[in-house]
Protein chains: 2
Amino acid sequence: MSGGEFNSWQSVQAEVLRRINAREWKPGDFIPNEAELAIEFGCARATVNRALRALAESGLLDRRRKAGTRVALNPVRKATLDIPVIRYEIESKGQTYRHTVLTQERAVPPSGIRARMQVEQGVKLIHLVTLHLADGKPYVFGDRWINPQAVPGIEAADLTVKSANEWLVANIPFEGGDFSFSAMTAGKREAEILACKEGEGLFVIDRSTWNKGLVITSVRLTFAPGYQMHTKI
Amino acid sequence: MSGGEFNSWQSVQAEVLRRINAREWKPGDFIPNEAELAIEFGCARATVNRALRALAESGLLDRRRKAGTRVALNPVRKATLDIPVIRYEIESKGQTYRHTVLTQERAVPPSGIRARMQVEQGVKLIHLVTLHLADGKPYVFGDRWINPQAVPGIEAADLTVKSANEWLVANIPFEGGDFSFSAMTAGKREAEILACKEGEGLFVIDRSTWNKGLVITSVRLTFAPGYQMHTKI
DNA sequence: TTGGACTATAAGTATATACATAAAAACCTG
DNA sequence: CAGGTTTTTATGTATATACTTATAGTCCAA
């Protein structure tokens, strides 16, 4: 009965993975419970738990109390991607980073931004358009709205020295964020700012960040042609 | 010294998060070691370990043996995103899903694909162009190369019934994948297939999947205009 | 001053035990 | 038999203890 020596949670995990891949345990199948596996593997139940929990977190197993553990039916695998800080991203490629503030103003936001940031009608926000350059060439530009009520001290900060993003991550804690990734077609404005042709496809990230129920900032990053975002499973 | 009662790893995690957000522990700071925190929180070291490990996995803490635990300097937060199975994605929006195979052939891949899939020069792969439709309208098209050596049984499968992606996830286990996200400009071919205008910006996902060192498949998904991919932290 | 050997330390892990909790399954009861 | 209650059970978690491992720091010698 004893299937060998499994004395680390990684080895247990590897064996479970092997059985899933070898289709000994097929998608949808219930697998033996923790206690049984612990006996079979000759280790403590906590060790099995650690291995199975990790696999469940990565989406490969479904676990429910009392019901048991089954191999996930639709292997919706999860990829983790690092949210880039633009300066690091550029500098890690060995390029020099520079950024310029194109415009800075207090203004009433358009309704789309207002809805996303959950502010009252007529409230003025800080509106900031910045361009980030790699080796002097346009890399990405950011169209950002900041809620000054959620960000004490922003009025006094000089955002031409440190970019708004860096100032915010360094000074304002946040709980979470929404991201969306999409593509757009370069119009006249984008073509001018990014020094590309009108009509080119551009990669776009929209991000909102919040803390304590207040939306701190909402930004649209429009990247110059050729940008790629990578990740692995 | 005892800071209160923390008798679950979640409560410990919440307290640590609070201190980070309140800047009691600033980015770059070392925090007390597990043993000290366990005493302060009045719980076992394993409980502190569980809480800190989870925070480290989400990128908020940096931990190294012997060195200790510090608040991450650049809060490169990690977002997890679900890799969509197109049919589910479409059906979960209440739309009807359909897909058609535009072309299917055995062919020698172009050098870019050959390099990415690590196959010898001159080897023929399966090349498959498919269109996925939501409510009858073009949603995304896939230009896919499959290495038949890595996929026993693919020759016999009828990929017009089940899409290649679904056939693969159902039949071939995989260890990992590379993803990249980018934007492109619709050319004549894309405009025709996706029924959009030439020159529109399109969202693109390139994905390779491998198992046991063999690249199974490499696919480029080109989405119709308007597609967005969402995620949260 | 450098470079290798040693040591101390903090995280990492394994284990037995105990109890908590969610929820499926069995058991009522009208 | 429907609907609610109890029991059972698999996962989830906490804890004390012990040992492992990576590595920052220290020490020492060439």
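Within every chain, numbering begins at 1; the chains are lettered A, B, ... in the order of the sequence lines, protein sequences first and strands thereafter. This is a predicted model, so every value here is computed, not measured.
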Closer to the 5' end of DNA chain C via nearest nucleotide, is it Ala67(A) or Thr47(A)?
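Upstream on the strand: Thr47(A).
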Is Trp210(B) close to Gln118(B) at the side-chain level, that is, under 4.5 Å between some pair of heavy atoms?
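When only atoms from C-beta onward are counted, Trp210(B) and Gln118(B) do not touch, as no gap falls below 4.5 Å.
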Residue [X], side-chain heavy atoms: nucleotide from [options] that is nearest:
X	options	answer
Trp9(B)	dT11(D), dT15(C), dA14(D)	dA14(D)
Thr69(B)	dA24(D), dA11(C), dC19(C)	dA11(C)
Ala44(B)	dG12(C), dA23(C), dT15(D)	dT15(D)
Arg53(B)	dA14(D), dT13(C), dG12(D)	dT13(C)
Lys66(B)	dA8(C), dT13(C), dG12(D)	dA8(C)

What is the distance from [atom1] of [X] to [atom2] of [N], rounded to the nearest Å?
X	N	atom1	atom2	result
Arg70(B)	dA24(D)	CZ	C1'	12 Å
Arg45(A)	dG12(D)	CZ	C1'	8 Å
Glu34(A)	dT21(C)	CD	C1'	14 Å

Ignoring hydrogens and angles, tell me if any N or O in the side chain of Asp135(A) forms a donor-acceptor pair with the backbone of Thr96(A) under 3.5 Å.
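Yes.
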Is Thr217(B) reaching over with its side chain to a backbone N or O of Trp145(B), donor-acceptor style, under 3.5 angstrom?
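Such a contact is found between Thr217(B) side chain and Trp145(B) backbone.
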Base, sugar-phosphate alone, or nothing: which one does Asn49(B) contact when heavy atoms must sit under 4.0 Å apart?
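The answer is base, as Asn49(B) lies within the cut-off (heavy atoms under 4.0 Å) of a base atom.
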If you look at every strand shown and take non-hydrogen atoms under 4.0 Å, does Gln10(A) touch a base, only sugar-phosphate, or nothing?
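Gln10(A): backbone/sugar contact only, no base atoms under 4.0 Å.
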Below 4.0 Å: OP1/OP2 of dA24(C) and any side-chain N or O of Arg64(A)
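Yes, Arg64(A) has a side-chain N/O under 4.0 Å of OP1/OP2 on dA24(C).
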So, Glu57(B) and Arg53(A), do they make that salt bridge, N to O below 4.0 Å?
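No, no charged N to carboxylate O under 4.0 Å.
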Would you say the base of dT20(D) and the side-chain of Arg65(B) have a donor-acceptor pair closer than 3.5 Å?
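Checked by distance alone, the answer is no.
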Answer with yes or no whether Arg50(A) presents, from its side chain, a donor or acceptor under 3.5 Å of a partner atom in the base of dG12(D).
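When only heavy-atom distances are counted, Arg50(A) does not reach the base of dG12(D) through any donor-acceptor pair under 3.5 Å.
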Name the residue from Tyr97(A), Tyr139(A), Phe223(A) that meets the ring-ring contact (aromatic ring centres under 6.0 Å, His included) definition with His132(A).
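The residue from Tyr97(A), Tyr139(A), Phe223(A) that satisfies ring-ring contact (aromatic ring centres under 6.0 Å, His included) with His132(A) turns out to be Tyr97(A).
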